[in-house]
A.B. asks: 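The structure is given below, and queries will be raised subsequently.
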Amino acid sequence: MGEALVRWWPVVAVLALLGLAAGVWRASAAAREHAARARRLSVLRFSLAELDAMDDRQFEFALRDLLIRDGWSARQVGQQGDQAADVIADHPAYGRLVVQAKHTKVGAKVGSQVMYQVKGTAGPAHRANAATVVTNGGFTRDAREWGERHAVGWMDRERLCSWAERGVPLHQILRLPALTRRRFPGAARRPQFAAPYEQTASVGRTDGVR
């Protein structure tokens with residue numbers, strides 16, 4: 001063993017240095033993410049209790065504002081005939097996202113029919129790269145499984161808490177792919193993006209959303 005170490009010590013030294021560098025990189029990345037999350041929470045944060053107390057329209061605006069906080073260019077579009085889109089958001093890295101908001105009673109569950117509707121309109125009607133359904137309640141098992149199979153994201157009460165209250169960005173929770181892949185037929189190749197949030201909205205909660 002001693003002879004082997006003497007013979008191969010350069011290799012051992014290099015491996016040790018690589019391991020040390022990897023550890024330093026991971027620690028640095030974790031520190032950067034912690035700082036970024038703290039910045040996001042300083043801009044906007046909603047508790048589940050606040051979200052539960054909102055009406056449907058306030059909930060849609062809250063989701064819009066959370067997306068803006070995370071660096072998306074987002075607008076609330078929900079109204080009669082909205083073709084399963086309450087919020088539409090654009091991002092230079094992730095493309096266009098369609099959000100269907102389902103504000104409901106705590107304990108209520110969203111079924112598969114909502115997932116079918118979002119899937120059917122996200123690409124053809126809104127030229128989206130991705131879509132998700134967000135609720136302050138839950139989802140049936142069939143709805144979650146169907147969404148996983150057909151690339152429709154779902155955000156239940158637990159995930160919503162991570163996003164709105166703990167500051168984890170939506171793209172991490174949903175594991176959104178980069179623009180190199182398209183999730184929906186007809187998705188726009190290169191959406192036109194608005195200016196960054198810092199230039200388009202004041203810090204805080206807007207449109208009557210607290």
Side-chain angles (χ1 to χ4, degrees), residues 26-78 85-111 114-115 118 128 130-141 143-144 147-148 152-177 196-198 200-210:
R26 286 194 295 268
S28 177
R32 288 195 300 270
E33 173 55 29
H34 180 77
R37 187 178 299 186
R39 287 195 298 271
R40 285 191 293 272
L41 291 176
S42 70
V43 173
L44 183 66
R45 180 178 186 174
F46 291 113
S47 68
L48 287 178
E50 288 178 305
L51 294 169
D52 291 340
M54 295 176 183
D55 60 28
D56 293 352
R57 187 170 178 81
Q58 287 175 326
F59 187 62
E60 292 172 10
F61 278 111
L63 300 186
R64 181 206 63 178
D65 289 350
L66 287 168
L67 283 161
I68 292 173
R69 179 199 71 181
D70 288 355
W72 296 74
S73 172
R75 63 190 187 279
Q76 186 271 351
V77 296
D86 292 315
V87 179
I88 294 178
D90 292 305
H91 193 284
Y94 305 105
R96 174 162 291 177
L97 174 70
V98 164
V99 178
Q100 173 67 219
K102 289 297 179 183
H103 189 266
T104 185
K105 296 180 180 178
V106 176
K109 292 187 176 182
V110 176
V114 175
M115 313 299 275
V118 173
T132 188
V133 181
V134 181
T135 182
N136 62 318
F139 289 84
T140 64
R141 184 175 65 179
R144 292 195 305 270
E148 295 290 347
V152 178
W154 53 272
M155 187 170 289
D156 60 4
R157 189 171 182 82
E158 181 178 351
R159 290 184 172 186
L160 180 60
C161 181
S162 294
W163 182 31
E165 193 166 344
R166 298 173 189 155
V168 182
L170 176 138
H171 71 267
Q172 288 186 13
I173 297 173
L174 297 181
R175 298 180 181 178
L176 294 181
Y197 175 48
E198 290 80 2
T200 59
S202 58
V203 173
R205 303 173 181 183
T206 57
D207 291 274
V209 178
R210 297 198 58 241

A.B. asks: What distance do Trp72 atom CH2 and Asp90 atom CG have between them, rounded to the nearest 0.5 Å?
C.D. replies: 8.0 Å

A.B. asks: From Ile173 CD1 over to Thr132 OG1, what is the distance, rounded to the nearest 0.5 angstrom?
C.D. replies: 9.5 Å

A.B. asks: Closer than 3.5 angstrom, by distance alone: can the side chain of Glu165 be matched with the main-chain N or O of Gly167 as a donor-acceptor pair?
C.D. replies: no

A.B. asks: Side chain to side chain contact (heavy atoms under 4.5 Å, CB included) for Ile88 and Arg96? Distances and angles first, verdict last.
C.D. replies: CA-CA 7 Å; Ile88 294 178; Arg96 174 162 291 177; 3.9 Å; yes

A.B. asks: Rounded to the nearest 0.5 Å, what's the gap from CG on Asp56 to CG on Asp86? Could you check?
C.D. replies: 8.5 Å

A.B. asks: Are the side chain of Asp65 and the backbone of Leu44 linked by a donor-acceptor contact shorter than 3.5 Å?
C.D. replies: no

A.B. asks: How about Leu170 and Leu63: do any of their side-chain heavy atoms sit closer than 4.5 Å?
C.D. replies: no

A.B. asks: List the steps and the verdict of side chain to side chain contact (heavy atoms under 4.5 Å, CB included) for Met54 and Phe46.
C.D. replies: CA-CA 11 Å; Met54 295 176 183; Phe46 291 113; 3.7 Å; yes

A.B. asks: Report the C-alpha distance between His91 and Leu97 in whole Å, list the side-chain angles of each, state the deciding distance to 0.1 Å, and finish with yes or no for side chain to side chain contact (heavy atoms under 4.5 Å, CB included).
C.D. replies: CA-CA 8 Å; His91 193 284; Leu97 174 70; over 6 Å; no

A.B. asks: Between atom SG of Cys161 and atom CE of Met155, what is the distance when rounded to the nearest 0.5 Å?
C.D. replies: 11.0 Å

A.B. asks: Residues in side chain to side chain donor-acceptor pair (under 3.5 Å) with His171, at least two apart?
C.D. replies: Tyr94

A.B. asks: Taking all heavy atoms of Lys102 and all of Asn136, pick out the closest pair and write down the distance.
C.D. replies: O-OD1, 3.5 Å

A.B. asks: Search all heavy atoms of His103 against all heavy atoms of Leu51 and return the closest pair with its distance.
C.D. replies: NE2-O, 2.8 Å

A.B. asks: Can you find a pair of side-chain heavy atoms, one from Gln58 and one from Phe61, that are under 4.5 Å apart?
C.D. replies: no

A.B. asks: Please assess Arg69 against Trp163 for the test side chain to side chain contact (heavy atoms under 4.5 Å, CB included), listing each intermediate value before the final yes or no.
C.D. replies: CA-CA 11 Å; Arg69 179 199 71 181; Trp163 182 31; 3.4 Å; yes

A.B. asks: What heavy-atom pair brings Val87 and Ala74 nearest, and what distance separates the two atoms?
C.D. replies: CG1-CB, 4.3 Å

A.B. asks: I'd like to know if Asp52 pairs up with Arg157 as an ion pair, taking the criterion as any Lys NZ or Arg NE/NH1/NH2 lying under 4.0 Å from an Asp or Glu carboxylate oxygen.
C.D. replies: yes

A.B. asks: Distance check, rounded to the nearest 0.5 Å: Lys109 atom NZ versus Arg141 atom CZ?
C.D. replies: 9.5 Å

A.B. asks: Between atom CZ of Arg75 and atom CD1 of Ile68, what is the distance when rounded to the nearest 0.5 Å?
C.D. replies: 11.0 Å

A.B. asks: Looking at every non-hydrogen atom in both residues, tell me the closest pair between Pro169 and Asp70 and how far apart they are.
C.D. replies: CA-OD2, 3.4 Å

A.B. asks: Could you tell me whether a side-chain N or O of Asp156 sits under 3.5 Å from a main-chain N or O of Phe139, the two making a donor and an acceptor?
C.D. replies: no

A.B. asks: Tell me the closest heavy-atom pair linking Leu176 and Ala130, and the distance in Å.
C.D. replies: CD2-CB, 4.0 Å

A.B. asks: Please find the pair of heavy atoms, one from Glu60 and one from Ala101, that lie closest to each other, and give the distance.
C.D. replies: CG-CB, 3.9 Å

A.B. asks: What I'd like to find out is whether the side chain of Thr140 reaches to under 4.5 Å of the side chain of Val110, using heavy atoms alone.
C.D. replies: no

